[in-house]
Amino acid sequence: MSKLQSPRGTQDLMPEDMAGHRHVMDTAKSCAGVFGFEEMATPIFEFTDVFARPLGESSDVVTKETYSFTDRGGEGLTLRPEGTAGVVRALISAGLTQTLPQKFYYQGPMFRYERPQKGRMRQFHQVGVELLGPTSPLADAEVIALGAMMLDRLGVLASCALHLNSLGDGESRSAYRTALVEFLSDVKTELSEDSQRRLETNPLRILDSKDENDRQLIADAPKLGEYLNAASSDHFNRVAEQLDAAGIAYIHDAKLVRGLDYYCHTAFEFITTDLGAQGTVLGGGRYDGLAETLGGPNVAGVGWAAGVERLALLSGQAPRLDPPLVLIALSPSNGADSNTDGADGGMSIDATLFALANTIRNHGQRVEMPFSGNLGKQLKRADKLGARYVGILGADEAARGVIVLRDMQDGSQTDIALDQAAEHFSTLFQS
RNA sequence: GCGGGUGUAGCUCAGUUGGUUAGAGCGCCAGAUUGUGGCUUUGGAGGUCGCCGGUUCAAAUCCGGUCACUCGCCCCA
């Protein structure tokens, strides 16, 4: 439409959009706080290696979707495509691996060069939590419970299903991977084009192929669950046990896999049917090997990230500004019947009103002062702002030392003594 | 990266087999009401029909390209 548009896959967050984002972020932060997760932030760009190694050199996110560049000093940098790698890097950088566990909440923009769709942007926003240190299944359950609480507070949990699976530890996973590749290689030519490619790059991904023929072939494939070693299946069972105890419903989804290489054991996604193809609203899992991959000590971790845009789309109306008190000044130029600059030595009407507004604002109440217009126009403005009460001050009232308080609902007006106006107006909004 | 759909006023959309001044509702501005909002009523502003090119006496309408949005695939939050 206009020639001046934001780059593809980006969007301006105008107040009504921002209100939705803010609501999601505030809700996430407060839920995280209840669980003891404190907010932190990492840079929006990192050395490219921070993402390339842990996410998988061959993963799509790294090979085709990053915004990477060389800065003026010759450093290879990448705009973060996700949050976990940066958080773990920061943990190591700060030496916090000595004082575990650590619980972090974060929020901010991520960048992936993808074809935009509803709920999928090139610059998008995530909220996320990371619990670093514990290997216990309790940690997995705690993190999932936190996610469920947030979704519930946002009113979207009811339309989501929690899918849960175990990818097993490294040993289990590579054993299964070998078995799966062996099985699928025999029927390779029958697989869809995409899946034939995935057989090379990320065979586990074939499990959640949407191709009907693929699905039939997969039905007879070896199951991941059968390849879990004792430690892995025990871990999974204990996570499930905790969720049961907490009354959190889930679906054991043997086909649920993760796109990023660093995941092991628990993998989970909250999926909705209300967003078309972009149904995953919150996803995460355990990533015990990540810290070591980055070159740090062996630190276990589990966490998730949720898409702010997607949650905002689902969670409906977000709170906006409170209704204001509107103060209207009438000066000669807009209809008053005498001058305003304090012939009796007092303050002008504008100044009186401005001082009053400041006092009430200091009490935390929103006050709006229309900048111009006659009384009718200013009242119209007040109505549009959603004001319940309006204060009107003209030369008449100033001379009598009062201000008119108008109730916009029933149209009634009363005089309030000017020297008691601040207190009176403030109490109007305390209910 | 691949395939389908859609681009007309600030917003939601009409616009006939190509035909002369491109419309509606909502919103916006102003008047009726120069110290009283909503409701009503009257009037007004606002469009190079996404952009570029082609066909034609004539293009919002047909054709090609391009950009954007959108749905699906891919990928993922």
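Order of the sequence lines fixes the chain letters, A, B, ..., with proteins taken first and strands second; residue numbering starts at 1 for each chain.
- Here rA45(B) sits opposite no nucleotide as a Watson-Crick or G-U wobble pair (both hydrogen-bonding atom distances under 3.5 Å).
- Under the Watson-Crick or G-U wobble criterion, with both distances below 3.5 Å, rU33(B) is left unpaired in every strand shown.
- In this structure, rC62(B) and rG54(B) make a Watson-Crick or G-U wobble pair, each of the two defining distances being under 3.5 angstrom.
- Both Tyr113(A) and Gly411(A) lie near RNA chain B, and the one whose nearest nucleotide falls closer to the 5' end is Tyr113(A).
- Look at Glu114(A) and Arg8(A) and you find no salt bridge, because none of the NZ, NE, NH1 or NH2 atoms lies under 4.0 Å from a carboxylate O.
- Ion pairing of Lys29(A) with Glu39(A) is present here, as a side-chain N (NZ or NE/NH1/NH2) and a carboxylate O approach within less than 4.0 Å.
- Taking the ring centre of Phe111(A) as origin, the terminal cationic atom of Arg122(A) falls outside the region bounded by 6.0 Å and 45° from the ring axis.
- Look at the P atom in both rC63(B) and rC28(B): the space between them is 40 Å, to the nearest Å.
- For rC13(B), the paired nucleotide is rG23(B), the pair qualifying as Watson-Crick or G-U wobble because both relevant distances are below 3.5 Å.
- With rounding to whole Å, Arg122(A) atom CZ is found 17 Å from rC76(B) atom P.
- The separation of rC71(B) from rU66(B), taken at their P atoms, amounts to 22 Å, rounded to a whole angstrom.
- Out of rC75(B), rU70(B), rG37(B), the shortest distance to the side chain of Glu65(A) is found at rC75(B).
- In this structure, Gln11(A) reaches neither bases nor backbone, as no heavy-atom distance under 4.0 Å exists between it and the strands shown.
- Using a cut-off of 4.0 Å between Lys/Arg side-chain N and Asp/Glu carboxylate O, Glu368(A) and Arg366(A) are scored as salt-bridged.
- Contact check on Lys380(A) versus Asp383(A) returns no salt bridge, with no Lys/Arg side-chain nitrogen under 4.0 Å from an Asp/Glu carboxylate oxygen.
- rG50(B) and rA60(B) have their C1' atoms separated by 12 Å, given to the nearest Å.
- Asp253(A) has no carboxylate O lying under 4.0 Å from a charged side-chain N of Lys255(A), or vice versa, which leaves the two without a salt bridge.
- You'll find that the side chain of Ile392(A) is closest to rG35(B), out of rG35(B), rG31(B), rC73(B).
- Note on Ala305(A): only backbone sugar-phosphate atoms sit closer than 4.0 angstrom, heavy atoms only; bases stay farther off.
- Comparing rC62(B) with rU56(B), their C1' atoms are spaced 10 Å from each other, to the whole Å.
- Going from the C1' atom of rC57(B) to that of rG18(B) covers 12 Å, rounded to whole Å.
- With hydrogens and angles ignored, no donor-acceptor pair closer than 3.5 Å exists between the side chain of Gln378(A) and the base of rU36(B).
- The side chain of Leu330(A) approaches rG35(B) more closely than any other nucleotide in the set rC75(B), rG35(B), rC28(B).
- As a whole-Å value, the separation of Leu375(A) CG from rG38(B) P is 12 Å.
- Residue contacts shown for Arg8(A) are limited to sugar-phosphate atoms, with no base heavy atom under 4.0 Å away.
- Between Asp383(A) atom CG and rG38(B) atom C1' the separation is 5 Å, expressed in whole Å.
- Comparing Met408(A) and Gly283(A) by the nucleotide of RNA chain B that holds the closest heavy atom to each, the one mapping nearer the 5' end is Met408(A).
- Rounded to a whole Å, the CG atom of Asp208(A) is 11 Å from the C1' atom of rC74(B).
- Nucleotide rG72(B) is matched to rC2(B) when pairs are restricted to Watson-Crick or G-U wobble geometry with both distances under 3.5 angstrom.
- Closest to the Gln126(A) side chain, of the nucleotides rG35(B), rA77(B), rG31(B), is rA77(B).
- Within the nucleic acid shown, Gly147(A) has no heavy atom closer than 4.0 Å to any nucleic acid atom.
- In this structure, of rG37(B), rC74(B), rC71(B), it is rC74(B) that holds the atom nearest to the side chain of Arg197(A).
- Side-chain atoms of Arg115(A) and base atoms of rG3(B) include a donor and an acceptor less than 3.5 Å apart.
- No donor-acceptor contact under 3.5 Å links the side chain of Gln409(A) to the base of rG38(B).
- Base contact: Gln413(A) has a heavy atom under 4.0 Å from a base atom.
- Checked against rG38(B), rC74(B), rU70(B), the side chain of Lys380(A) finds its nearest nucleotide in rG38(B).
- Closest approach to the Asp396(A) side chain among rG35(B), rC74(B), rU36(B) is made by rG35(B) (side chain taken as heavy atoms from C-beta onward).
- Here the nucleotide nearest the side chain of Thr280(A), chosen from rG35(B), rA77(B), rC74(B), is rA77(B).
- Comparing rC52(B) with rU8(B), their P atoms are spaced 15 Å from each other, to the whole Å.
- Listed candidates were rG37(B), rA68(B), rG35(B). Nearest to the side chain of Leu379(A) is rG37(B).
- rA22(B) and rU16(B): their C1' atoms are spaced 14 Å apart (whole Å).
- Candidate nucleotides rA77(B), rA68(B), rC74(B) were compared by shortest atom distance to the side chain of Lys210(A), and rC74(B) ranks first.
- Note on Gly128(A): nothing from the nucleic acid sits closer than 4.0 angstrom, heavy atoms only.
- Taking a cutoff of 4.0 Å between a charged side-chain nitrogen and a carboxylate oxygen, Glu46(A) and Arg89(A) qualify as a salt bridge.
- In this structure, Lys377(A) does not reach the rC29(B) phosphate: none of its side-chain N or O atoms is under 4.0 Å from OP1 or OP2.
- Annotation: rG10(B) and rG46(B) have their P atoms spaced 11 Å apart (nearest Å).
- Side-chain atoms of Arg205(A) and base atoms of rC74(B) include no donor and acceptor less than 3.5 Å apart.
- In this structure, Arg120(A) places its CZ atom where more than 12 heavy-atom neighbours from other residues, nucleotides or ligands lie under 6.0 Å away.
- Across all strands, Gly119(A) comes closer than 4.0 Å to base atoms (heavy-atom distances).
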